[in-house]
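Heads up, the thing below is written out as structure tokens.
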Amino acid sequence: MRMLLIHSDYLEYEVRDKALKNPEPISDEQRRGRLEEVLAVFTSVEKVDETNPDEVVEKAVAEIKDVASQVKTNRVFVYPFAHLSSELARPDVALKVLQKVEERLKEEGFEVKRAPFGYYKAFKLSCKGHPLAELSRTVVPSG
Ligand SMILES: Nc1ncnc2c1ncn2[C@@H]1O[C@H](COS(=O)(=O)NC(=O)[C@@H](N)CO)[C@@H](O)[C@H]1O
């Protein structure tokens, strides 16, 4: 799994067309989303992650917690992003992994939004620009 973590004044998105034949079903309210003072986590789930998705979820959550504590935010925006890797996991695996990352972050006490999976989306991002505002992390199953 590849993550680009951007500490932002805000991230907002608006759903446009389907990017997959069967994107994640979403409610009308999920067609737009915005969080302020947020750690945006653009995420590509990779083929290698399919060997042990649960392990890669735990490793990703640990990395996100570490960066969130460094930049002092309790808010995370999980954003599916298929452009950080040339070895993408199958969509059904990727969606489950991202849903699990969202769920585990909430269990850890974070305020979390997750952008809809399988859609083209317009988005606006305001990066804060401090030295830790742009980080990347890669996690893979150890097996
Ligand atoms: N492995 C993945 N990791 C993260 N997001 C993914 C992944 N696979 C699919 N997606 C989601 O599905 C959308 C489309 O994925 S895509 O790989 O860019 N495009 C497609 O799969 C089709 N357009 C055929 O190429 C992405 O914008 C993202 O929302």
Side-chain angles (χ1 to χ4, degrees), residues 1-71 73-129 132-143:
M1 180 191 284
R2 306 264 172 149
M3 296 182 280
L4 174 63
L5 303 101
I6 308 287
H7 189 204
S8 308
D9 299 313
Y10 67 86
L11 167 60
E12 63 181 54
Y13 74 83
E14 184 178 350
V15 164
R16 291 284 197 270
D17 299 335
K18 291 182 178 181
L20 292 174
K21 239 194 331 294
N22 303 307
E24 173 186 13
I26 55 169
S27 64
D28 284 350
E29 66 174 18
Q30 284 174 291
R31 296 194 65 78
R32 293 164 180 263
R34 177 186 171 95
L35 274 182
E36 318 231 333
E37 297 307 312
V38 65
L39 179 61
V41 184
F42 295 91
T43 306
S44 287
V45 183
E46 298 186 284
K47 207 105 203 93
V48 67
D49 301 330
E50 293 177 2
T51 58
N52 194 336
D54 289 342
E55 183 186 6
V56 90
V57 166
E58 289 313 312
K59 288 184 172 181
V61 168
E63 290 294 343
I64 293 166
K65 281 176 69 177
D66 174 48
V67 173
S69 72
Q70 287 185 60
V71 301
T73 183
N74 188 43
R75 229 174 261 154
V76 179
F77 216 135
V78 178
Y79 199 102
F81 200 76
H83 315 289
L84 299 176
S85 170
S86 54
E87 300 275 316
L88 291 176
R90 298 194 326 261
D92 58 307
V93 172
L95 175 55
K96 280 202 195 75
V97 164
L98 292 168
Q99 288 169 322
K100 196 91 179 102
V101 167
E102 174 190 14
E103 181 192 316
R104 292 282 300 108
L105 286 169
K106 286 177 177 170
E107 286 169 1
E108 297 287 324
F110 287 89
E111 180 184 345
V112 188
K113 269 191 190 291
R114 180 174 57 80
F117 185 94
Y119 297 90
Y120 297 112
K121 296 177 284 297
F123 72 88
K124 291 194 178 101
L125 176 70
S126 169
C127 172
K128 285 183 175 290
L132 293 176
E134 300 164 279
L135 297 169
S136 65
R137 292 284 189 278
T138 299
V139 294
V140 292
S142 43

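First listed ligand is number 1; within each ligand, the first listed atom is number 1. Computed from heavy atoms alone, side chains included, the values below leave out hydrogens, waters and symmetry copies.
Short contacts between ligand 1 and Ala82, defined as distances under 4.0 Å to a heavy atom of the residue, involve ligand atoms 16 (S), 17 (O), 18 (O), 26 (C). Under a 4.0 Å criterion applied to the non-hydrogen atoms of Ala19, ligand 1 contributes the atoms 13 (C), 14 (C), 20 (C), 22 (C), 23 (N). Interface atoms of ligand 1 facing Thr43, defined by a heavy-atom separation under 4.0 Å, are 4 (C). Atoms of ligand 1 found under 4.0 Å from any heavy atom of Pro80 (numbered from 1 in listed order, with element): 5 (N), 29 (O). Heavy-atom proximity to Ala94, at under 4.0 Å, picks out these atoms of ligand 1: 1 (N), 2 (C), 3 (N), 7 (C).
A perpendicular orientation is assigned to the rings of Tyr13 and Tyr79, their planes being inclined by more than 60° (bins at 30° and 60°).
Between Val45 and ligand 1, a contact under 3.5 Å exists for at least one N or O pair.
For atom 21 (O) of ligand 1, the nearest protein heavy atom (residue, atom name, distance) is Leu20 CD2, 3.3 Å. With hydrogens left out, the protein atom closest to atom 8 (N) of ligand 1 is Phe117 CZ, 3.9 Å, a heavy atom. Ranking protein heavy atoms by distance to atom 27 (O) of ligand 1, first place goes to Tyr119 O, 3.9 Å.
By the definition of a contact as any protein heavy atom under 4.0 Å away, atom 17 (O) of ligand 1 is in contact. Note that atom 24 (C) of ligand 1 has no protein non-hydrogen atoms nearby, at separations under 4.0 angstrom.
Salt-bridge annotation for Lys96 and Glu50: absent, with no side-chain N of the basic residue lying under 4.0 Å from a carboxylate O of the acidic one. Residues Arg32 and Glu12 are not paired through a salt bridge, judged by the lack of any N-O separation under 4.0 Å between the basic side chain and the carboxylate. With salt bridges taken as basic N to acidic carboxylate O contacts below 4.0 Å, one links Arg104 and Glu108.
Closest heavy-atom contact between Arg114 and Leu98: CD-O, 3.7 Å. Closest non-hydrogen pair, Phe110 versus Thr73, comes out as CE2-O, 4.0 Å. Pairing each heavy atom of Val140 with each of Met1, the nearest pair is CG1-N, 4.5 Å.
Among the candidates Lys106, Gln99, Lys100, the single residue satisfying the side-chain hydrogen bond (donor to acceptor under 3.5 Å, both in side chains) test with Glu102 is Lys106.
Here atom 28 (C) of ligand 1 lies nearest to Gly118 when heavy atoms of Ala115, Gly118, Pro116 are compared.
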